[in-house]
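Report on one structure; see the data block that follows.
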Amino acid sequence: MLKVILPDGSEKSYSNPVKVIDVAAEIGAGLAKATLAGVVTFPEQLDQSGHPVTKTLSADTLLPAEGTVKLRLLTKKDSEALDILRHSAAHIMARAVMRLFPNVQLAFGPTTETGFYYDFLCDKPFSEEDFAAIEEEMKKIVKADEAFERIEMPRAEAIGLLADMGQTLKVDHLESGLSDQETVSFYRQGEFIDLCRGPHIPSAKWVGAFKLLSVAGAYWKGDASNVQLQRLYGTAFFDKKELESYLVQLEEAKKRDHRVLGKRHELFMVDPKIGGGLVVWLPKGAIIRRELENFIYKELIRHGYQPMYSPVICRVELFETSGHYPYYADSQFPPMVLKDGDRYLLRPMNCPLHVMTYNMKPRSYRDLPLRLAEFGNVHRFEQSGELNGMTRVRGFTQDDAHIFCTEDQVEDEFRGCIEMTQLVLKTMGFADYEVRLSFRDWVSNKYVGDPENWKKAQNALEKVCRDMNLPKLDIVEGEAAFYGPKADFIVRDCLGRKWQLGTVQLDYNLPSPSRFDLKYIGADNQPHQPVMIHRAPFGSFERFTGILIEHFAAAFPLWLSPEQVRVLTVSEKFNEYAKQVEKALFDADLRVTTDLRPEKIGAKIFSSRGDLVPYVCVVGGKEAESGTVSVRSRKDGELGAMPVAEFIRKLKDEIAAKTLPF
RNA sequence: GCUGCUGUAGCUCAGUCGGUAGAGCGCGUCCUUGGUAAGGACGAGGUCAUGAGUCCGAAUCUCAUCAGCAGCUCCA
């Protein structure tokens, strides 16, 4: 006897075997038609963390004959449904590819946040020219509307089957990745059969709209030493309109691209004649950076940091001591060797210089925490395929600082760093960010430092993060740097790619005796080893600004706008007055320009809109007579006439408040 | 670094079958002197990424190099 509990609390009992779809059919024919899968919870089975086991099952899956299950039927309105659909679409694509290219081997074909992909091993390189043919074949498959059928078999049998089919990658996966499974499942649709956990939609016709989007290389099991596969990306939806609106959205997102906007608004440039990945901050971009620097500098001083400067090039030995050379030699610009054999390295990080600064004299516990800050310019030789506008570059400036403190101070210092990073994100209006706490695992021996201290530090870190109620807190074990646990702040760019901005990292390595052997004399008159914290609320000015450009779509808040006000004359007769207004605004420390072209006022406004100028002042006869300006804001349009002094006050208030443009 | 794609004016792009280049925006000059999202005329501007090759002839076809884009791998 099986008892099925539905989400509304009602119960049904079955003495005969039933499938998910049978339960739906009993409730109503309409629901049965709309049901594409079921979420089944087994209250009697518990997983490792003690929660009841929950599985999403295809509609034709047989429920257990005995016991109690909770069942939630999924229709296309449910959020999980799209993922199931796309997984099936991936199978349909693989089937189409196998029809067109019989020799391909299948690898993995999962869904992504916005679609799906499938990896293939095939001699013939796929290109976008093949998409039409593949899509055509997929259409035929969808039209034929064959069912997805689940088949389970012992693993040994599955290996035999896949070996017969010549699917060696799948065999490899069964032998290594799934070696702990006794039984595995396949999904069959017509002539196509694929090792797959499921679930799937009942049949192909559910796929209302799909599109292949791109082809790229990918390594088998994500390991660059393995064979390279061809990955076909696509997306699928229940209906055409959703697909179309997704594609429009994608086009819109591309318009926010900081590389496009950075060029259009003359914020920065990257020129191969200068060097790939080497950013030139153009005057307008430089203003944004300088404002960011001023903003964070004030915060640093307020929080007891001490500014310092150090050279961007120094002896290689410093990085040999730190351990970063030659470990990261491949991602550094090679050292320059002087005549006497001395080697100098363009610094890939600032910490050794700050450590040397700590070490310039004996330190007492009274000096701690010592917080040394520097907008440190560093260079790293990133792989060419990694370079990306301002977000992945070979030379950048971190809003870096290193805190040297006692074990007891770690928690407070860490909290301070997190708070400053949060302040930065809040000031910019970033609401959608994740915090990733990276901890060590306890099996690997790559980590340095006393395990007890690690435990203490990790607990302190987690406590601080929980206390502060950080959004989307994610704890990842095994992701810590070898020298300590860390917290990273991650935001997405316009295409949904994730980038790490702010970071706070504890370091047990550099202060250790095998590295720089840092010491302080404690209250007990004994030497102790300090803990180091690396932190950068922005991360780097380059990446942060790149993300900021996309975040604001280049329409920056007033305090960051390179051009805050533009004075427009109604005709050339009023150029003299416009220059007076300009001077008044300039003297009030506003960034102001004039548009004195012999153009109509409409054309000048049009230009200012295109240039995303936050405020324009229209001046003509009326304004010149009364000493006023006619104000128009980028956000709210016409605001009417006001005295120049009042306009200045309004803008100064907005700048001081760092008001967001949305 | 790997796989695929792309490279024409400052920008966005067109350029058919191989016959030595075109638009819009922007820029310059002039006309217009105006009231809140594009006034008009004229003009300048290109070794078609670079280098080889095929051909009577290459932006166009082939190869190589460089750079960019998407993804993978990496990211102290």
Side-chain angles (χ1 to χ4, degrees), chain A residues 112 117 119-120 122 125-131 213-233 254 257 259-260 263-266 269-273 275-277 319 322-325 327-332 347-352 378 380-389 391-394 398 481-484 486 488 495 497 499-500 503 505 507 509-510 534 543 568-575 596-610 616-623 630-634 637-641:
Chain A
T112 63
Y117 65 81
D119 288 344
F120 304 97
C122 182
F126 298 146
S127 82
E128 292 185 16
E129 286 166 20
D130 300 315
F131 286 8
L213 296 173
S214 62
V215 53
Y219 302 103
W220 171 238
K221 298 203 166 173
D223 186 337
S225 61
N226 284 342
V227 62
Q228 186 157 28
L229 310 166
Q230 301 189 67
R231 176 171 296 179
L232 291 177
Y233 281 89
K254 281 183 191 162
D257 192 316
R259 294 161 298 191
V260 174
K263 192 176 260 179
R264 157 106 76 93
H265 296 287
E266 297 185 2
M269 68 171 184
V270 180
D271 189 323
K273 291 190 199 76
F319 293 96
S322 76
H324 294 107
Y325 186 92
Y327 188 70
Y328 288 106
D330 284 347
S331 26
Q332 290 167 5
R347 69 175 173 191
M349 52 198 351
N350 309 306
C351 16
V378 297
R380 298 177 185 176
F381 192 79
E382 305 287 0
Q383 299 182 88
S384 61
E386 277 306 331
L387 300 179
N388 185 284
T391 53
R392 194 78 187 261
V393 293
R394 285 181 175 161
Q398 300 170 308
F482 70 93
Y483 51 76
K486 58 177 181 169
D488 294 322
L495 295 177
R497 294 176 293 205
W499 297 97
Q500 177 203 307
T503 184
Q505 312 183 352
D507 189 346
N509 178 48
L510 291 185
H534 310 242
R543 179 177 290 178
L568 315 182
T569 47
V570 163
S571 92
E572 285 177 297
K573 282 182 234 158
F574 310 107
N575 284 1
L596 307 180
R597 291 176 301 161
E599 277 293 348
K600 289 189 174 180
I601 192 67
K604 294 186 186 184
I605 286 169
F606 179 81
S607 307
S608 78
R609 301 285 308 174
V616 301
C617 292
V618 176
V619 298
K622 283 177 283 184
E623 291 79 9
S630 266
V631 180
R632 171 183 256 279
S633 93
R634 181 180 67 200
E638 268 188 87
L639 300 181

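Bear in mind the structure is a predicted one, so any value in this text is a computation, not a measurement. We name chains A, B, ... by the order of the sequence lines, and we start the count at 1 in each one.
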Provide, to the nearest angstrom, the distance between the [atom1] atom belonging to [X] and the [atom2] atom belonging to [N].
| X | N | atom1 | atom2 | value |
| --- | --- | --- | --- | --- |
| A:Glu128 | B:rC5 | CD | C1' | 6 Å |
| A:Arg394 | B:rC74 | CZ | P | 18 Å |
| A:His324 | B:rC75 | NE2 | P | 12 Å |
| A:Leu568 | B:rA37 | CG | P | 11 Å |
| A:His265 | B:rU12 | NE2 | P | 13 Å |
| A:Asn226 | B:rC74 | CG | C1' | 15 Å |
| A:Arg264 | B:rC27 | CZ | C1' | 17 Å |

Residue pair [X] / [Y]: nearest heavy atoms and the distance that separates them:
| X | Y | result |
| --- | --- | --- |
| A:Gly275 | A:Val270 | O-CG1, 4.2 Å |
| A:Arg609 | A:Ser633 | NH1-O, 3.9 Å |
| A:Asp271 | A:Lys273 | OD1-N, 2.8 Å |

Using atom [atom1] of each nucleotide, how far apart are [N] and [M] to the nearest Å?
| N | M | atom1 | value |
| --- | --- | --- | --- |
| B:rU32 | B:rC69 | C1' | 45 Å |
| B:rC17 | B:rG53 | P | 27 Å |
| B:rG18 | B:rC61 | C1' | 8 Å |
| B:rA38 | B:rU54 | C1' | 49 Å |
| B:rG22 | B:rC63 | P | 30 Å |
| B:rG40 | B:rU33 | C1' | 14 Å |
| B:rU16 | B:rA59 | C1' | 14 Å |
| B:rC74 | B:rA64 | C1' | 28 Å |

N/O contacts under 3.5 Å, protein versus nucleotides 30-36 of chain B?
residue, atom, partner, partner atom, Å
B:rU33, O2, A:Ser571, OG, 3.4
B:rU33, O2, A:Glu572, N, 3.0
B:rU33, N3, A:Glu572, OE1, 2.6
B:rU33, O4, A:Glu572, OE1, 2.2
B:rG34, OP2, A:Lys573, NZ, 3.1
B:rG34, N7, A:Val570, O, 2.6
B:rG35, O6, A:Gly621, N, 2.8
B:rG35, O6, A:Lys622, N, 3.2
B:rG35, N1, A:Glu623, OE1, 2.8
B:rG35, N1, A:Glu623, OE2, 3.4
B:rG35, N2, A:Glu623, OE1, 3.3
B:rG35, N2, A:Glu623, OE2, 2.4
B:rU36, O2', A:Arg632, NH2, 2.8
B:rU36, O2', A:Glu638, OE2, 2.9
B:rU36, O2, A:Arg632, NE, 2.8
B:rU36, O4, A:Ser630, OG, 3.1

Report summary line: Sequence neighbours excluded, the answer for ring-ring contact (aromatic ring centres under 6.0 Å, His included) partners of A:Trp220 is A:Phe108
Query raised in the report: Are side-chain heavy atoms of A:Arg497 and A:Asn388 found at a separation under 4.5 Å?
Result: yes
With a non-hydrogen cut-off below 4.0 angstrom, is [X] in contact with a base, only sugar-phosphate, or nothing?
| X | value |
| --- | --- |
| A:Arg231 | sugar-phosphate |
| A:Phe482 | nothing |
| A:Tyr117 | nothing |
| A:Gln332 | base |
| A:Gln383 | base |
| A:Pro348 | base |
| A:Ala603 | sugar-phosphate |
| A:Ser331 | base |

Query - Is_stacked (A:Phe606, B:rA37) at 5.5 Å, 30 deg - result: no
Checking [X] side chain against [Y] main chain: does a donor-acceptor pair fall under 3.5 Å?
| X | Y | value |
| --- | --- | --- |
| A:Gln230 | A:Cys122 | yes |
| A:Arg632 | A:Glu638 | no |
| A:Arg380 | A:Pro348 | yes |
| A:Gln332 | A:His324 | yes |

Query raised in the report: Is the base of B:rC75 touched by the side chain of A:Arg380 through a donor-acceptor pair closer than 3.5 angstrom?
Result: no
Query raised in the report: Under the 3.5 Å rule, do the base of B:rC74 and the side chain of A:Arg392 count as making a donor-acceptor pair?
Result: yes
Report summary line: When A:Gly222 and A:Glu129 are each assigned the nearest nucleotide of RNA chain B, the 5'-most assignment goes to A:Glu129
Query raised in the report: Mapping A:Gln230 and A:Gln500 onto RNA chain B by nearest heavy atom, which one lands closer to the 5' end?
Result: A:Gln230
Query - salt bridge (Lys or Arg N to Asp or Glu O under 4.0 Å): pairs with one or both residues in residues 597-608 of chain A, sequence neighbours excluded - result: A:Asp595-A:Arg597
Report task. Under the side-chain contact (heavy atoms from CB on, under 4.5 Å) rule, what do A:Glu572 and A:Thr569 come out as? Steps first, then yes or no, please. Result -> CA-CA 7 Å; A:Glu572 285 177 297; A:Thr569 47; 5.8 Å; no
**Report entry** A:Lys486 side chain, from C-beta outward: closest of B:rC74, B:rG39, B:rA76
**Finding:** B:rA76
Query raised in the report: Among B:rC72, B:rA38, B:rA76, which nucleotide sits nearest the side chain of A:Ala218?
Result: B:rC72
Report task. List for me each residue that meets side chain to side chain contact (heavy atoms under 4.5 Å, CB included) alongside A:Leu387, sequence neighbours excluded, and say none if there are none. Result -> A:Glu382, A:Arg394
What are the atom names and distances for every N/O pair under 3.5 Å that joins the protein to nucleotides 61-70 of chain B?
residue, atom, partner, partner atom, Å
B:rC69, OP1, A:Arg259, NH1, 3.1
B:rA70, OP1, A:Arg259, NH1, 3.4
B:rA70, OP1, A:Arg259, NH2, 2.7
B:rA70, OP1, A:Arg497, NH1, 3.1
B:rA70, OP1, A:Arg497, NH2, 3.4
B:rA70, OP2, A:Arg259, NH1, 3.0
B:rA70, OP2, A:Asn388, ND2, 3.4

**Report entry** RNA chain B stem ranges, 3 or more consecutive Watson-Crick or G-U pairs under 3.5 angstrom
**Finding:** B:1-7 with B:66-72, B:10-13 with B:22-25, B:27-31 with B:39-43, B:49-53 with B:61-65
Query - Parallel, tilted or perpendicular: ring planes of A:Phe126 versus A:Phe120, cut at 30 and 60 degrees - result: perpendicular
Report task. Run the numbers on A:Asp257 and A:Arg259 for salt bridge (Lys or Arg N to Asp or Glu O under 4.0 Å), then give the verdict. Result -> CA-CA 5 Å; A:Asp257 192 316; A:Arg259 294 161 298 191; 2.5 Å; yes
